[in-house]
Structures are given as C-alpha cells and as structure tokens.
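Working notes for the structure below.
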Protein chains: 2
Amino acid sequence: MERGRGALGPALELVHTGRAPTRAVLTAELGVTRATAGAVAAELEALGLITVDARPAAAGSQGRPSHRLSVAPGGPVVLAAQIHADGFRAALVGLGGRMVATAPGCMTVPADPSHIIDAVVEAGAALLRETGRRCLGAGLAVPSAVAEPDGTALNPLHLSWPAGAPVRRLFTEALAKAGVPGPGEGPATGVTGNDVNLAALAEHRHGAGRGARHLLCVATGHRGVGGALVLDGRLHSGSSGLALEVGHLTVNPAGLPCHCGSRGCLDVETDPLAFLTAAGRTPGPEVSLLQQARDLLRTEYADPAVRAAAELIVDRLGLGLAGLVNILNPDRIILGGLHRALLDADPERLRAVVADRSLWGRSGSVPILPCTLDFNSLIGAAEAAWQPVLDDPLTVLG
Amino acid sequence: MERGRGALGPALELVHTGRAPTRAVLTAELGVTRATAGAVAAELEALGLITVDARPAAAGSQGRPSHRLSVAPGGPVVLAAQIHADGFRAALVGLGGRMVATAPGCMTVPADPSHIIDAVVEAGAALLRETGRRCLGAGLAVPSAVAEPDGTALNPLHLSWPAGAPVRRLFTEALAKAGVPGPGEGPATGVTGNDVNLAALAEHRHGAGRGARHLLCVATGHRGVGGALVLDGRLHSGSSGLALEVGHLTVNPAGLPCHCGSRGCLDVETDPLAFLTAAGRTPGPEVSLLQQARDLLRTEYADPAVRAAAELIVDRLGLGLAGLVNILNPDRIILGGLHRALLDADPERLRAVVADRSLWGRSGSVPILPCTLDFNSLIGAAEAAWQPVLDDPLTVLG
DNA sequence: CGTATTTTGTTTAGTGTCGGCACAAAGTCA
DNA sequence: TGACTTTGTGCCGACACTAAACAAAATACG
C-alpha cells in the first residue's frame, strides 16, 4: 500500500548530508521512480524529519521547478556530548549536523569520570527541557580508545581517569538519571566513541570529507595523536574498537622513548609538546599545550627556530602519513588539531613528504585537507547517535 | 509469482562457502520463511548451480531429515590463473572452491607479460575444451600490486616485467584470443588482482579465515612481503587497489637499507632471503628462495644458528604484525609463505611478540593462524571471478 | 507395533512495495 | 500563445515475500 519503506533510510541520509536538495535528485540518487521518491519524501515529512517547501524554488533552468527538500527546522534532535582535557560540552544537534543549542561547561572533578559524565548529561538534559525538543538518541565523544563491545575507555590518560573506565555504562546511567527520554518509552541508550573517530564521521558527512570513499583522519589533541578511518561512509573501528591507534607508528627511529616501549613514535614526535620542545619553548601551565602550540605557530612562524621546529614535525608527520597511505590507500586525508595548523602553515611541504615516502606516486598524490567543522567531535557524537534513525527511521520512530 | 529472487545471491554464497548444508539452515541464515528458502534452492538448482539431494541425509536427530544442499558437481566453472616467479598455473574452479582441473606450466619468456598471460590463458582454454564445462568468468593472480581502475601491475619486479604492465587488458585480450566464452554471448572479461589479496579472499571463504569479520593476511613470496585485508567478506584494496602494501613498515630501525629509501623494512627483514642470510647461508640458484628457506627451517631447525635466525625473523615479523594490529585491529591473522613456516616452527614466540608490542592485550590476543588452502591465490582468483555470480546469479545467467 | 511429536518441505492465498505508465502541473523557449 | 521540458501524482499490475494450513518423514514413547 504505502510506497517507499525500503528506501527510507538511504533517502533520509541523502537529505541529511545535503546530497538530495530536491525530489528530482533524490529520485536519481536512490535509483527509483519519481513516484517512489515522492512517496519516500512524503513519508519522511509525515515523520517530522524533513520538510518539503510549499513554494517551488526559483527555477533557473527549463522545466517545472523542484520543491526544495530540507531537514525539518523544528524536528527532533539528539543529545551530543564531548569531554576533553579542558572541559566538556553538551549540545543538541538536529539532522544535517545543525547545532540547535549548546552549553559549555568547566571540568570540576577531573579524577572521577562518573561525575563529569553526569554533569555533561545534565547540561544536555537542561537544554532539552529549555527547548522542548524531542530527543531520539545520545552520543558521547571521549579522548580515549573505546573498546567494543564493552564500551570501556582504555587510555583516558589525559583526563587522569582510570584505564578501563566503563564510559558507555556511565553515560547510559547518567541519561537515565537525568531523565533523557529515548525514542521509545524507556530512557535513551548512549552511544560512546573515541573523539577522533567521531570527528572523522562528522567531517565525512558534513565537512571536508564529503564524498570520500576511503577517508583517513589524523589529529592531535593536547597530547598524543589519534586516527580514524571511514570506509564507504561507515566508521571502521576494527573488531574491538581499537583500529587506527596510529600514535605508535615509528617516525624517527632514533627518537624519543615512548611509554609503549619503542622510540620515536608518532605520539611523542608530532604532538603539541613535541613541537613546543623542538622550538625550544618550555610550555606553561596557563593554557592547553594545543593552544600554546597553535599560538606559537601563528604568531612566531617567522622565527627561524619555530619554523625549523614546524618543518621537523611536518617531516615526521609526513613519514607517518606515508606509512598509513601504504597500508590503507585512502582517497583523502583530513588533519585536525596541531596537524591541521601545521598543514595550514606549509601545505606543500607535507604533501611533498607524503608523496615522496609513500610507495606509489598515485597514492602519494592523495589530497590532504584541513578539517572544516567546528566542534567536529561533538557533531560526530551526534552523527553516531543519529545512525539508528538514518539506518531505519520507521523502526526508531514507529 | 516466482519466489526468492532477491535472496538468490546471499543463498548461493551460503551454499558456496558451506554455511548452508540444508534448506533448514538456509532458512535460518537468510532469515526468511521455509517457503522462500525452498523456492530459492529450487531456483538455484534450476540454474544448475547447486544440487538438492533426492534422498534425505541420514537423520541423527528428531524430526523429518533434511535434504543435503551442495554445489552442483558438473556445474559451471571459472577459469583461474596464477603467475609467480617459478612459473604459472591454470585451473578450472567450480563453486565451493573446488578445483575441477588444473595444468601447471613452465615460464618460458619471463620478460614479456603478454606471452606468459597468453600461455596461461591458452592452458586454461585447453582445460575448458577438454572438460566441456561452461565458463562463467576468469580471474588472474599476479605477484604485484594491481592499480585500480587501470588494472596495471605496479611492481612485478620479481617477474622482471616492466612496471605498469597492463595485466588486466592483456588478460582480457588473451581470453578473447583463446576464445574463452563469457556468461553471455561475448568473450569473458578478466578479473585481475594481487596474489596475496586473492589468497586472503580464498582463505576467508574456504580456509583458515572462515567466519572472521576483519581478516588480515600477511605472506611472503620468494622476495618481499605482501598483505591483504578482508572486511566483512569483501576485499579491502583501497581507493586505487594499493592498500596493504605492508612491505615497508619499519621493523628494525638500524636494519638493512631498502629500495624504498628507508631502512629495516618488513620486506628486506623478514623475507626468505633475509632468513637465509641471517642463518649464514648463501642461497643457491637451483630452487626458489622460498623453497630453500622452508627446507632450511624444516631440516635444520635444531642447528642453533638456524634457530636463532628464525627467532630473529619472527621478532621482526611480530613487530610488523603488531603495528598492523594497532592500525587495523583484525580479529584474525593468517600467515602464508615463509611466515607460515615460521609460525609452524614456533607459534608461541610470534604470538607473544605480537601481544607484547601491540597496544592492548585485547587486540594483542588476536589469533594468528597458518593458511590452510593449497593454491590459495589460484582459488582466490577464481573467487574474484565468481563474485558477479555470487552477487546476482540471475543477471549473469539470465 | 502403533500413535504422538518433532522437524522439514510444499501448496495456496494474501500482502506490501515498487515499476510502468498516463496524466497533470509549472516553468522556459521561440 | 503554443511547444517543449522537467517535475510531481494517481492508478494498476508485477513480484517477491509472509502466513498459514497441509503433507511428509523421521524419532520418541507407550
């Protein structure tokens, strides 16, 4: 009777990522008939997820103009949360990666994950109460590898949390405690993941990674280096969530010792502390290492010592990226954190090093881009929370 | 009217990989009703791809016994070909990875890829004429990275071929020349791939990799090291076919110089020549380096120098595998060539090294197994050739 | 030995989703 | 204004599947 149930998920994802601005292109993208695409759009509109403009858009070309398809402005949201070394942030994020409301917060109890998670979830719950939006899910990004299927944080070292903290359970419990409703009758179940992984997902959907088939992301936080891989639109997090732990690739055989037992790991050779040290600076305690490194790069790049340090780090990073290119053969690389700043400072040098050290010119010519999304880990947490809806809107929304 | 068209491909794959021995488990695996599974099986039988036993199998349990489902013994085949440093081999391979006929051959004109490919295809065509089997496709495995979408061999160094040889085009032309028919009316189009990649596919379907979600394969040929990754049953060959070029991971910072410009690469530190050299042997020209290395390992493992050399290579290999585990987080690793022999000689040492050097105990405990299939590259070439049939039997067979 | 139970396979009817097609709508182009 | 182009919709039929009843072939148990 009702048409377009099977294509509902793919259709929503197309509108969500902005690849289906009208029903006409939706028809083409889905590979169905206009009748089906129309039914799909009507169904998604009935579910309150998208809107179809009443007035047709201004037509520049021949033929009957299309009505614009867009994400429903007042539609449901997900609760997104991010925890990093400097604090936490909660937000409500709608379809299309739109941040509807946000509330930054300060980290008060660094040593106890449960307190922080409770606080950030409560901040999100407050936003839900204020806005009155319907909540369909919740996602949390943490600066640590998250083991599957347990949902434990294996190395939240820079948060001074205990290794193995059960973040997913804590998150779900906090959601229940704060009364955040799920799509059904019970409380929401939380999705939890590594921040770089989630950032990669966000960049793939809404940022510099759009359209990439095999997207590699590498980023520094304040300490260490994280990686992520998005394959055909799905995050590849390995069989137990621990893929792309790229911090211990050897990039300087005679380099600094690393806590992993080896020397010259990407982690200790290319993170903000490495850059500050190479530039002969002693980091201060006022602001984060990442901030200090970025500031140094921005304000004192003319200083030969700073420039030399930047080039040294770029060379090391290039070696690591080349190794990853040889293994993963991505068609795009996106950099975040300090690496992004280093790319901005001297894009050609990094590209040259990667091309030179990767095996084939073909894969060496892979584009390397800066990330483009603000709060990409937060948006990524939202993307992960949206995933069940994108996969099958009917099952979630009934 | 006719039931079970959509599930035809998945059903065939289940029978093909031996995961659906009866219609009852086919029903369960497909998640459909008995009626549909029965119709699917009937359709596949009508296409001549599978057989349903007339007599029910001996029933050990309660209830009506199931009829056995199996691959049709006299059914269609694909032409599979493999080229390696010592020669080439052609075979006809049916569903289920069954080698129906095979013909080894000697390499006569090493420097010219077109002659060898013509010869191996002609050998396969002869098998087709002899057996009178219907041919549904053709696959070729070569010891080189194969660039996509061009189908050129980038580093067929050990064959003394020119880099960039257009192997896919040559293969397809040879198939036309030899009159190998495709599924339709025209000649067959050839699938071409790297031998380790195809071997990994074969091991995943029929060998030690069955059931693995993220399967990593690493193998030596005569020189150098190859890698392959099978994700959720599909080969991951990267955006341009160059993924898993693992030979240039650094495993010994102070090691031998490599043609890639670095030192101590997996390629030069763990291949057969490296083992023979470490054991103080001077390789002779009679048999292949791989054969010499295997023989040495088998016959003189009691010799302390040989054993020490083996342990050295195992340690280096373990370092490389640990690096790959950190990046890919596979749930199984399969080794081939000399690496397989080294694993057989001392399984515990390699597992301990990998566990010690990979970041998390959890991913460090990944099972490491020897490959179990004879001629796995050849079977893998057949698997790649079967793929269109497995994806959609009706489109291929009409 | 015969009947009940269990599991498998088949037949028939019904249902839901989608393609095909005709038609309507809304613009541009000449 | 009329021809053309492109988009959207309503109706019908094809078809792949489910549901449910029935049939078949073994074991289990009295």
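Order of the sequence lines fixes the chain letters, A, B, ..., with proteins taken first and strands second; residue numbering starts at 1 for each chain.
Remark: A:R19 engages no residue in a salt bridge (charged side-chain N to carboxylate O under 4.0 Å, His left out) (not counting sequence neighbours). Under the side chain to side chain contact (heavy atoms under 4.5 Å, CB included) criterion, A:A138 pairs with A:L79, A:F171, A:L175, not counting sequence neighbours. With sequence neighbours left out, A:D53 forms a side chain to side chain donor-acceptor pair (under 3.5 Å) with no residue at all. The salt bridge (charged side-chain N to carboxylate O under 4.0 Å, His left out) search around A:R234 returns A:D391, not counting sequence neighbours. With sequence neighbours excluded, the residues forming a salt bridge (charged side-chain N to carboxylate O under 4.0 Å, His left out) with A:R5 are A:E2, A:E43, listed by chain and number. For the side chain to side chain donor-acceptor pair (under 3.5 Å) test, no residue two or more places apart in sequence or in another chain qualifies with A:T131. Applying the side chain to side chain donor-acceptor pair (under 3.5 Å) rule to B:S239 yields no partners; only residues at least two apart in sequence or on another chain are considered. Residues satisfying the ring-ring contact (aromatic ring centres under 6.0 Å, His included) criterion with B:H236, sequence neighbours excluded, are A:H214. For A:S237, there are no side chain to side chain donor-acceptor pair (under 3.5 Å) partners two or more places apart in sequence or in a different chain.
The interatomic distance linking A:L69 (CG) with D:dT7 (C1') rounds to 13 Å, in whole Å. Rounded to a whole Å, the CG atom of B:D53 is 15 Å from the C1' atom of C:dT8. Distance CD (B:Q62) to C1' (C:dA4): 10 Å, rounded to an integer number of Å.
Taking CG of B:L69 as the start and CD1 of B:I50 as the end, the distance is 4.0 Å to the nearest 0.5 Å.
Residues from residues 7-26 of chain B that place a heavy atom under 4.0 Å from any atom of DNA chain C, listed by number: B:R23, B:A24. DNA chain C lies under 4.0 Å from no heavy atom of any residue of residues 38-50 of chain A.
Between C:dG9 and B:S66, a contact under 4.0 Å exists linking OP1 or OP2 to a side-chain N or O.
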**Study point:** Nucleotide-resolved protein contact map, nucleotides 19-26 of chain C, B/S/- at heavy-atom distance under 4.0 Å
**Key:** BB---BBB

